[in-house]
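Note that this is a predicted model, so its numbers are computed, not measured.
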Amino acid sequence: MAGRTWHSLPEYEALRALMESGTTSKAAVRLGLSQSAVSRSISSLEARLGRILFERDGGRLRPTSEAAQLNKRLDPLFEALDRIDGPPEPAQETLRLVAPPTYAHRFLVYHIATFLTANPHFFVSLEVSSSEEIIRSIQEERFDLGLTGVELSREGVKLTPYRVSTAVCAMPVDHPMAALQTVQPEDLHQQRLVALTHRHARRAQLDKVLTNSRSRPFIVAEASTSFAAVDLVREGLGVTIVNPFPVAQYRAEDVVFRPFASPIKYRSYFVTPEHRPSPAIARAFIRHLRLHTVQTPFTGKA
């Protein structure tokens, strides 16, 4: 079409290389061309624009103001080319994570922080909820990944084993039972006990173990989470029977944990939607947790 301006990328590259290096020989090395090829590109560009872009000055080529102005206008073009040629910028991926208070408030916050430090282009949205709501929200695909310590099988939900633990008895460091290697159900007879609330399935199991052993502790308080139960014990209210994961690794300095002789076991699960693949960020976070979860005498890999 008449009057339409055409552009030559090699000419523009020669212009920029010559302005930065000052001589055709250095510009040629930079571009991997011959000196004559660089000179031809500059001459062609000057002829096409009808302007003098370089003046000779003692063996060097001094750019004119026209060359400097053109070079500045070319900046956006070469910045765009750099983005095309360079490594792609990672898109920010979001992990929608849901977990109960026992996992969320102390355990997960640390691992989320280390995960995001290692993967700065990731983003995590953490929701704290009950186990029932965790299952329901994964079922409805409102979250990508959940953690739970309750085995609630539902259609559309996949439970992947994460950790398995045996019950422990937690007590203050100066409690008489701290001298025991293992706490028997009979040892709890007439002891002050902080129990989990009845909504926990393990409460019914503990009641059965104590009844079968004819052990009658004095229940002084109830708590809805193992962290709260252990914190009450730390205040001197008595002892408690809990899942050591993950509370034991956060209270080991001021509370004593001893194995509790019983068939009570606890299992933790990753919860994901059954009918769609987990996003890459969810799989990456699962790998991160499996790799960095601290081993304790009471809990191990499932």
Side-chain angles (χ1 to χ4, degrees), residues 93-113 115-116 122-168 195-208 222-230 240-250 263-293 298-302:
E93 297 181 61
T94 296
L95 172 63
R96 300 172 300 166
L97 178 64
V98 59
T102 297
Y103 294 159
H105 289 155
R106 289 176 172 87
F107 175 69
L108 280 180
V109 289
Y110 169 77
H111 289 288
I112 289 171
F115 179 68
L116 293 180
F122 285 162
F123 182 87
V124 174
S125 174
L126 173 63
E127 180 79 14
V128 181
S129 193
S130 67
S131 294
E132 280 282 358
E133 180 57 27
I134 289 168
I135 298 297
R136 184 162 45 251
S137 61
I138 294 292
Q139 218 176 9
E140 297 170 357
E141 299 188 5
R142 289 186 278 123
F143 292 90
D144 305 304
L145 176 65
L147 272 81
T148 183
V150 180
E151 189 169 351
L152 295 172
S153 298
R154 296 286 191 279
E155 176 67 28
V157 170
K158 179 182 178 182
L159 298 180
T160 302
Y162 170 36
R163 308 293 293 178
V164 61
S165 309
T166 55
V168 297
L196 294 179
T197 56
H198 283 281
R199 71 176 179 83
H200 289 270
R202 299 297 183 271
R203 171 64 184 274
Q205 286 183 282
L206 176 61
D207 289 346
K208 183 176 180 180
E222 290 183 342
S224 63
T225 71
S226 58
F227 269 106
V230 171
T240 189
I241 305 298
V242 292
N243 178 359
F245 179 71
V247 63
Q249 65 190 85
Y250 296 94
I264 301 174
K265 289 193 180 298
Y266 308 87
R267 288 177 173 79
S268 302
Y269 299 91
F270 295 114
V271 190
T272 53
E274 186 175 29
H275 301 305
R276 70 171 173 86
S278 295
I281 187 173
R283 299 195 303 273
F285 189 67
I286 289 173
R287 287 195 300 271
H288 184 84
L289 282 184
R290 288 193 186 279
L291 182 63
H292 297 287
T293 300
F298 315 110
T299 182
K301 297 177 181 179

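- Between Y103 and T148, every side-chain heavy-atom pair lies at or beyond the 4.5 Å cut-off.
- Shortest non-hydrogen contact noted between V164 and R267 is CG2-CG, 4.0 Å.
- Between atom OG1 of residue T299 and atom CZ of residue R163 there is a gap of 4.5 Å, rounded to the nearest 0.5 Å.
- Here E151 contributes atom CD and S268 contributes atom OG; the two are 11.5 Å apart, rounded to the nearest 0.5 Å.
- When all heavy atoms are compared, the tightest approach of E93 to A280 is OE1-CB, 4.4 Å.
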Does the pair T166 and K265 meet the rule for a side chain to side chain contact (heavy atoms under 4.5 Å, CB included), with working shown?
CA-CA 5 Å; T166 55; K265 289 193 180 298; 3.2 Å; yes
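- Put simply, the side chain of H105 does not reach to within 4.5 Å of the side chain of F227, judged on heavy atoms.
- L145 places none of its side-chain heavy atoms less than 4.5 Å from the side chain of S278.
- Contact check for E155 versus H275: side-chain heavy atoms found under the 4.5 Å cut-off.
- Residues A195 and R203 approach most closely at CB-NH1, 3.6 Å, considering heavy atoms.
- The line from CG of L116 to CZ of F123 is 8.5 Å long, rounded to the nearest 0.5 Å.
- Without hydrogens or angle criteria, H198 side chain to A204 main chain gives no donor-acceptor distance under 3.5 Å.
- Between D144 and R276 a salt bridge is recorded (basic side-chain N to carboxylate O distance below 4.0 Å).
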Run the side chain to side chain contact (heavy atoms under 4.5 Å, CB included) test on V168 and Y266 for me, step by step, so that the C-alpha distance in whole Å, both residues' side-chain angles and the decisive distance to 0.1 Å come before the verdict.
CA-CA 11 Å; V168 297; Y266 308 87; over 6 Å; no
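- Of the inter-residue distances, the one linking F107 atom CZ with I112 atom CD1 reads 10.0 Å to the nearest 0.5 angstrom.
- In this structure, L108 and A99 approach most closely via the heavy-atom pair CD1-CB, 3.4 Å.
- Residues R202 and L206 have side chains not in contact (no heavy-atom distance under 4.5 Å, counting atoms from C-beta outward).
- Residues V109 and A104 come closest through the heavy atom pair CG1-O, 3.4 Å.
- Results of the side-chain contact (heavy atoms from CB on, under 4.5 Å) test with V98 over S125, S130, S129 single out S129 as the only residue that passes.
- Two residues are said to be in side-chain contact when any heavy atoms from C-beta on lie closer than 4.5 Å; I135 and L159 meet this criterion.
- Annotation: ring pair (Phe, Tyr, Trp, His ring centres under 6.0 Å) contacts of Y162 (sequence neighbours excluded): F245, F270.
- Using a 4.5 Å heavy-atom cutoff, the side chains of F115 and I281 are in contact.
- To the nearest 0.5 angstrom, L147 atom CG is 10.0 Å from S131 atom OG.
- In this structure, G146 and I138 approach most closely via the heavy-atom pair N-CD1, 3.8 Å.
- A 4.5 Å side-chain heavy-atom check between T102 and P246 finds at least one atom pair inside the cut-off.
- In this structure, the separation between OG1 on T160 and CZ on R290 is 7.0 Å, given to the nearest 0.5 Å.
- Aromatic ring orientation, H288 versus H292: tilted (interplanar angle from 30° to 60°).
- Ion pairing between E133 and R142 holds under the 4.0 Å rule for side-chain N and carboxylate O.
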